[in-house]
Amino acid sequence: MTIDPRTMLFMTNAVAFVASAFLLFEWNLLRERSLAYWSAGFAAIVVGCAITPLREAGFFIVGIWLANGLLVTAHLGFLYGTAAFLGRRISPAWCLVLAGWALMLAVPADAARTQVMSLVNAAMVAVLSLKAGHMLGGLRERRDPDCALLAFAFLGHGGFYLFKALVAFVPGAFVNLSHYKGLMISISLFEGIMMEVALALSIVGALRRRRERSMVRLAEHDPLTGLLNRRGFDARARAALAEGGCPAALLLLDVDHFKSINDGYGHPEGDRLLVALGVFLNSTLPRHAISGRLGGDEFAILLPRAESFAALTLAKALCRGFARVGGGRGHGGTLSIGCATQSREPIELETLFAVADRALYDAKRHGRNRSSHREVAAEPPAAIREMVPPAEISIAAPRSERPRPRETAPLG
C-alpha cells in the first residue's frame, strides 16, 4: 500500500502540532528556554505544512518560497533550543541563514528554479542540523545519554538533507515541486515524520532524565557546601569499598570551636566557614576521594586504596591548608582530623567510622588543629564493638546525635 504525498504532509503537520503543543505546555510549567525554542521550531513546521498546499494553486511565494523558508526557520529554532539545553550561547550570525533564504526570491523563474531552491533549502537544513548534533557531542562516546540521543537524531536528519542537497539536480529526483512530484519529495516527507517523532521523543526523554538527576542530586548533596550529604556519602562510600577499596582510609574532619564562632561572629560567618571548607576540599582532595558533609561542622573523606602514609600526609596538609584559608577573620577556623586506616579485608564502613571518631577525639584532646591516626587492625576487637554505634543510629549522624565513645580505664 502506498501513501500519497498529501497524506504524508497531513501526518507531518499533525505530529509537529502535537510536539509543539506538548513542549509549549512543558515550557509553561518549567520555564526552560530550550523548550520554548523547540516548541517554536515545531510550530514553524506546522505553519509551513499548512500553507504548502497553496503551491498547487500557483502561489509560488507563499506555497514554495515561504513554506520552505519556515522549514529553515524551524531548524534555526532547534539549534537555539539545543544551545539553551546545553547552557551555551551561539552567535547571532546564525540568523543570517534567513537572509540567505530571502535571496532566493531573486532566482529567475526558469526551469531550474525549483532545483536551485531545493539545493539551498536542503543545504541550510543540513548545516543547522549538523551544527546542533555537533554541539551535543557528535559521534564521540559520551557519558550523557540525553545528549547522545539528541545528537543521533540531529546528525541523522542532517545527513539525510546533505544527501538531498547533493541529488537536487539528478534527473527525476525533483520533477515538479508545485505538484508534489518526484521521488525525493515522498522520501523527504517520510523522513520528516520519522525525524519529528525521534526528536520529540529524544527531547522528552532528555528532560525526564535531567529532572531525575536533579532530584537525585538534591537528595544526595548538601545545599550549603555542594558536597555529598549523609545519605549520598554513605551510598558512594559503600559502593567504593564494595569494588575493592583495600587498603582504605577514612578521615573525619571537625571545625574547631565552631559553636563559639557561630555565637561570637554570627551564623552567616559560620556558614561562610563551612562553604570555604567545601571549596577547599574540592580543590585539594585527589580525584578518587569521596567527601561529604555529615551534618553541622563535621565532614568525612573516604580514600579507597590509600595507604596509611598517604592518608596521614593528606590529613596534615588539610590541617595546614585550612588554617590559612579559614582563619582569615581572626577566629581561628582550624580543623581537627581523625584518621582511620585498614589494610586488610573485609573493610566495614561502620568500623572505619568508629575508629576515625576515636582518633578525632584524640586530636581534640591534644590541642586541636591537628590530626590523629588509628589503625583498625591495632584496635582490640572488643573495643571496636564498643565503638561502633547501634544499628538504629546512622553511622554518619552528626556528632551531637551519636553517643560519645566510652573511655577505657588505663591498665594497672
Side-chain angles (χ1 to χ4, degrees), residues 228 230 233-234 236-256 281 284-294 297-323 334-391 393-399 402-412:
L228 293 170
R230 289 179 292 176
F233 181 85
D234 181 65
R236 301 282 182 89
R238 290 183 186 279
L241 294 177
E243 291 176 0
C246 185
L250 179 71
L251 277 60
L252 283 185
L253 290 66
D254 199 280
V255 179
D256 295 328
L281 293 179
T284 306
L285 294 178
R287 298 181 63 180
H288 66 277
I290 301 171
S291 59
R293 180 189 178 198
L294 306 183
D297 63 321
E298 192 170 14
F299 293 72
I301 301 169
L302 179 70
L303 300 171
R305 296 175 297 278
E307 300 285 349
S308 299
F309 178 78
L312 287 172
T313 302
L314 177 62
K316 293 177 181 179
L318 292 176
C319 286
R320 290 193 302 267
F322 192 69
T334 58
L335 294 176
S336 293
I337 301 178
C339 177
T341 58
Q342 184 170 346
S343 57
R344 291 181 297 181
E345 294 183 347
I347 297 179
E348 295 182 353
L349 189 59
E350 291 84 354
T351 301
L352 284 174
F353 261 102
V355 176
D357 198 40
R358 179 64 65 92
L360 179 57
Y361 276 104
D362 293 341
K364 287 188 173 292
R365 278 198 303 268
H366 289 87
R368 295 182 169 85
N369 189 23
R370 67 187 65 231
S371 61
S372 180
H373 169 251
R374 289 199 178 205
E375 172 67 36
V376 172
E379 299 289 339
I384 292 179
R385 284 195 297 270
E386 291 182 356
M387 296 179 195
V388 176
I393 299 178
S394 170
I395 62 170
R399 183 171 304 282
R402 297 208 304 268
R404 292 179 59 88
R406 294 172 53 185
E407 298 292 340
T408 57
L411 297 177

Item to check | Working for side chain to side chain contact (heavy atoms under 4.5 Å, CB included), residues His366 and Ser372 | outcome: CA-CA 9 Å; His366 289 87; Ser372 180; 5.9 Å; no

Checklist entry - Are Phe353 and Leu294 close enough that some pair of their side-chain heavy atoms sits under 4.5 Å apart? => result yes

Next on the checklist: If you compare all heavy atoms of Gln342 against all heavy atoms of Glu375, which two are closest, and at what distance to 0.1 Å?
Outcome noted: CA-OE2, 3.3 Å

Checklist entry - Can you name the side-chain contact (heavy atoms from CB on, under 4.5 Å) partners of Arg368, sequence neighbours left out? => result Asp256, His257, Ser336, Lys364

Next on the checklist: Evaluate Val255 against Leu335 for side chain to side chain contact (heavy atoms under 4.5 Å, CB included), listing each step before the verdict.
Outcome noted: CA-CA 5 Å; Val255 179; Leu335 294 176; 4.0 Å; yes

Checklist entry - Taking all non-hydrogen atoms of both residues, which atom of Pro304 and which atom of Ala240 are closest, and how far apart? => result CG-CB, 4.0 Å

Checklist outcome for this item: So CG of Leu303 and CG of Leu285: to nearest 0.5 Å the spacing works out to 7.5 Å

Checklist outcome for this item: Exactly one of Leu281, Ile337, Leu250, Leu252 clears side chain to side chain contact (heavy atoms under 4.5 Å, CB included) with Ile301, and that residue is Leu281

Next on the checklist: With a 4.5 Å cut-off on side-chain heavy atoms, are Thr341 and Val355 touching?
Outcome noted: no

Next on the checklist: Ignoring hydrogens, what is the shortest heavy-atom contact between Ala311 and Cys339? Give both atom names and the distance.
Outcome noted: CB-SG, 3.8 Å

Checklist outcome for this item: The reported gap from NE2 in His373 to NZ in Lys316 (rounded to nearest 0.5 angstrom) is 10.5 Å

Checklist entry - Do Leu251 and Ser371 come close enough that some side-chain heavy atom pair is under 4.5 Å? => result no

Checklist entry - Are any of the side-chain heavy atoms of Phe233 and Leu302 separated by less than 4.5 Å? => result yes

Item to check | Which atom of Thr334 lies closest to which atom of Ala323, heavy atoms considered | outcome: CG2-CB, 4.3 Å

Next on the checklist: Let's go through Asp234 and Arg238 carefully: what are the C-alpha distance in whole Å and the side-chain angles of both, what is the deciding distance for salt bridge (charged side-chain N to carboxylate O under 4.0 Å, His left out) to 0.1 Å, and is it a yes or a no?
Outcome noted: CA-CA 6 Å; Asp234 181 65; Arg238 290 183 186 279; 2.9 Å; yes

Next on the checklist: For a 4.5 angstrom cut-off between non-hydrogen side-chain atoms, does Leu360 reach Glu298?
Outcome noted: yes

